[in-house]
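First comes the structure, then the notes that go with it.
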Amino acid sequence: MQHIQVTTAPVELSHHTTSEGTVVWLRCGCGRLRMVFTPDSPADRPMTAGGRTLGCPYCG
């Protein structure tokens with residue numbers, strides 16, 4: 001397994017309210033760009049895009 005150096009917690013780059021929920025763009029501590037969509041409706045599930053870095057405690 002490759003060692004990943006994570007120096008900081010994720011940083012929020014932008015936060016946007018849409019007609020269906022909220023979109024947040026983050027720069028992870030490992031450097032990966034990630035998007036998180038949180039829907040307004042509790043019946044819908046949150047979604048993420050951007051993948052995960054093996055070994056990063058924030059990518060999961």
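Heads up: numbering here begins at 1 and tracks the sequence.
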Which side-chain hydrogen bond (donor to acceptor under 3.5 Å, both in side chains) pairs, counting each pair once, include a residue from residues 17-30, with sequence neighbours left out?
none
Connected via hydrophobic side-chain network under 4.5 Å: M47 and V24:
no
Restricting to non-hydrogen atoms, name the atom on G21 and the atom on F37 that form the minimum distance, rounded to 0.1 Å.
CA-CE1, 3.8 Å
Look up atom CE in M35 and atom OG in S14, then write down how far apart they are to the nearest 0.5 Å.
10.5 Å
Mind checking what makes side-chain contact (heavy atoms from CB on, under 4.5 Å) contact with T48, not counting sequence neighbours?
R34, V36
Rounding to 0.5 Å, atoms CG (L26) and CG (L13) come to a distance of 7.0 Å
Among all residues two or more places apart in sequence or in another chain, which pass the side-chain contact (heavy atoms from CB on, under 4.5 Å) test with D44?
P39, S41
